[in-house]
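Following: one structure in structure tokens, then a few remarks.
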Amino acid sequence: MSLDVRESVPLAPLTTLGVGGPARFYAEAAGEAAVVEAFRFAEARGVPLFVLGGGSNLLVADRGVDALVLRVRVRGIEPLRAVDDDGTGGPPPRFLVRAGAGEGWDDLVARAVAEGWAGVECLSGIPGDVGATPIQNVGAYGQEVAETIAEVHAVDRATGAAAVIAGADCGFGYRDSRFKRAWRGRYVITAVTFALRPGGAAAVRYPELQRALAAPAGGAAPPLAEVRSAVIALRRGKSMVLDPADENGRSAGSFFMNPTLEAGAAAGVLARIEAAGVLAPGEAIPQYPAGGGRVKLSAAWLIERAGFVKGTRHGAAGISTRHTLALVNRGGATAAELLELARRVRRGVLARFGVALSAEPDLVGFAPGETDDLAGGDHAAGQGS
């Protein structure tokens, strides 16, 4: 067997939170054949297979993971061909670029910016691997990977066959895709093909980024490199880049997703917020259209107005001193401490405003039902998700 399988491998060092117990089995796959070997190994041992990406959106249980944990190490960034060039002199044609699932996401973004390929510049500084980005439709500062994913290359666990899935078929939504829902556990992603625009304009749509760049809405877009630098500076200011010297650096990024509500539920929540007396004079409640008549609210704003301040602690776990959406490991934290802090925050927001927040990271190794109260809430109390 070419697959090197090890036992009782600590997972905490492989995650950005730095907590959690060991993997019962652990292996790395540099190609599709090794992925298929991993399927066979897990089936022969009667254990599940869990695919580990960059460990940046993950909370591992203190007991560890009773599974074969597989790290996909398929590498390479390969420019392919131009598409959509109709010769009319319109917008720059899209340029297909295939990246291995094991490539660092920010390495791909840096390459794209350096080459002048527009389409992912606002996603700078996000930790993790390329292969994880389609699963939760990674997004930040007004941009999502769904806008540029042309194809997802994967291996089907049921058959061991290679599959190529069109981006349009992935069912992308806000931090969501079919890989998280109907296809959960079906595929192991080995590469992603992105459609970028050589010489294209940067996407400066997000108000905070516009302010940082002093770029008026509708004005000429700044260079890609300038946008990348501004995004990284904004993320660094919120401790949302990996920095060993940062006291808030041990986190999984945003721990809660911004809740999206049906219009009727949103109206009730907004009225409840106004009645709670938490608004400063002239302050508006942050809210954004989410498509289909739904409304997206700011989880960070709700958490702060529910009384949770930056720097709040529970044991060695805490809320970041810079950003209330991030839960952090202050040194020696356990998964149990982080979960209890997350539950306190969720209960507080629910009690104050009637909004149930959902955890964004994958919660792995926990007993069935143990974390159900943190998953799938993304709605107003009493309304279906």
Side-chain angles (χ1 to χ4, degrees), residues 1-11 13-15 23-58 65 67-81 95-112 120 126-136 138 145 148-167 169-170 177-180 183-196 362 364:
M1 177 184 289
S2 60
L3 190 72
D4 180 19
V5 180
R6 293 180 284 152
E7 296 186 45
S8 300
V9 174
L11 292 177
L14 303 180
T15 73
R24 180 176 174 186
F25 301 106
Y26 176 86
E28 297 185 352
E32 291 181 354
V35 171
V36 174
E37 281 193 60
F39 295 162
R40 293 171 178 161
F41 179 93
E43 183 177 8
R45 298 303 190 281
V47 296
L49 184 143
F50 173 76
V51 179
L52 174 67
S56 60
N57 193 49
L58 181 67
V65 182
L68 168 60
V69 175
L70 181 69
R71 183 79 190 270
V72 178
R73 291 290 196 178
V74 179
R75 303 303 295 268
I77 298 174
E78 180 186 6
L80 299 176
R81 66 185 187 279
F95 186 70
L96 296 183
V97 179
R98 182 178 302 159
E103 284 289 336
W105 170 252
D106 196 51
D107 293 337
L108 173 62
V109 177
R111 169 78 181 274
V120 292
I126 295 175
D129 290 350
V130 166
T133 59
I135 296 173
Q136 71 159 15
V138 165
V145 292
T148 54
I149 289 179
E151 294 174 337
V152 177
H153 305 259
V155 180
D156 191 319
R157 295 192 191 192
T159 65
V164 180
I165 304 162
D169 294 332
C170 292
S177 72
R178 289 199 173 105
F179 298 106
K180 285 183 70 173
W183 296 344
R184 188 175 185 89
R186 178 176 175 182
Y187 296 106
V188 172
I189 294 172
T190 55
V192 183
T193 299
F194 297 89
L196 306 177
D362 284 329
V364 179

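Remark: Thr190 OG1 to Glu32 CD distance equals 4.5 Å, nearest 0.5 Å. The line from CG of Leu80 to CD of Glu151 is 8.5 Å long, rounded to the nearest 0.5 Å. Rounding to the nearest 0.5 angstrom, the gap separating the CG atom in Leu68 from the CG atom in Leu3 is 7.0 Å. Interatomic distance, Arg24 CZ to Leu11 CG, rounded to the nearest 0.5 Å: 14.0 Å. Of the inter-residue distances, the one linking Asn57 atom CG with Ile135 atom CD1 reads 9.5 Å to the nearest 0.5 angstrom.
Classified by interplanar angle (parallel below 30°, tilted 30° to 60°, perpendicular above 60°), the ring pair Phe179/Tyr187 is perpendicular.
Residues Val69 and Val9 form no side-chain contact, since every pair of their non-hydrogen atoms from C-beta on lies 4.5 Å or further apart. Looking at heavy atoms from C-beta onward, Val138 lies in side-chain contact with Ile126 at the 4.5 angstrom threshold. Residues Leu96 and Phe194 have side chains not in contact (no heavy-atom distance under 4.5 Å, counting atoms from C-beta outward).
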Under 3.5 Å, which donor-acceptor pairs link side chains of residues 39-47 to any protein atom two or more places apart or in another chain?
none

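No donor-acceptor pair under 3.5 Å is formed between the side chain of Ser177 and the backbone N or O of Cys170. Side chain of Thr193 to main chain of Arg98: no donor-acceptor pair is present (N/O by atom type, distance under 3.5 Å, no hydrogens or angles). Not one N or O on the side chain of Thr148 forms a donor-acceptor pair closer than 3.5 Å with the backbone of Leu196. Proximity of a side-chain donor or acceptor of Asp129 to a complementary backbone N or O of Gly131 within less than 3.5 Å is not detected.
Checking Arg75, Arg73, Arg71 one by one against Glu28, the salt bridge (Lys or Arg N to Asp or Glu O under 4.0 Å) holds for a single residue, Arg73. Just one residue in the list Leu14, Leu70, Val65 forms a side chain to side chain contact (heavy atoms under 4.5 Å, CB included) with Tyr26, and that residue is Leu14.
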Task: Check against side chain to side chain contact (heavy atoms under 4.5 Å, CB included), Leu58 and Phe50 - done: CA-CA 12 Å; Leu58 181 67; Phe50 173 76; 3.8 Å; yes
Open item on the list: With side chain to side chain contact (heavy atoms under 4.5 Å, CB included) as the criterion, how do Ile77 and Leu108 come out once you've worked through the C-alpha distance, each side chain's angles and the decisive distance to 0.1 Å?
Closed with: CA-CA 7 Å; Ile77 298 174; Leu108 173 62; 4.0 Å; yes
- [ ] List the steps, then state whether side chain to side chain contact (heavy atoms under 4.5 Å, CB included) holds for Glu103 with Val130.
- [x] CA-CA 6 Å; Glu103 284 289 336; Val130 166; 3.9 Å; yes
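Nearest heavy atoms, Ser56 versus Gly128: OG-CA, 3.5 Å. In this structure, Val36 and Gly160 approach most closely via the heavy-atom pair CG2-O, 3.6 Å. Residues Pro134 and Val192 share a closest heavy-atom pair of CG-CG2, 3.7 Å.
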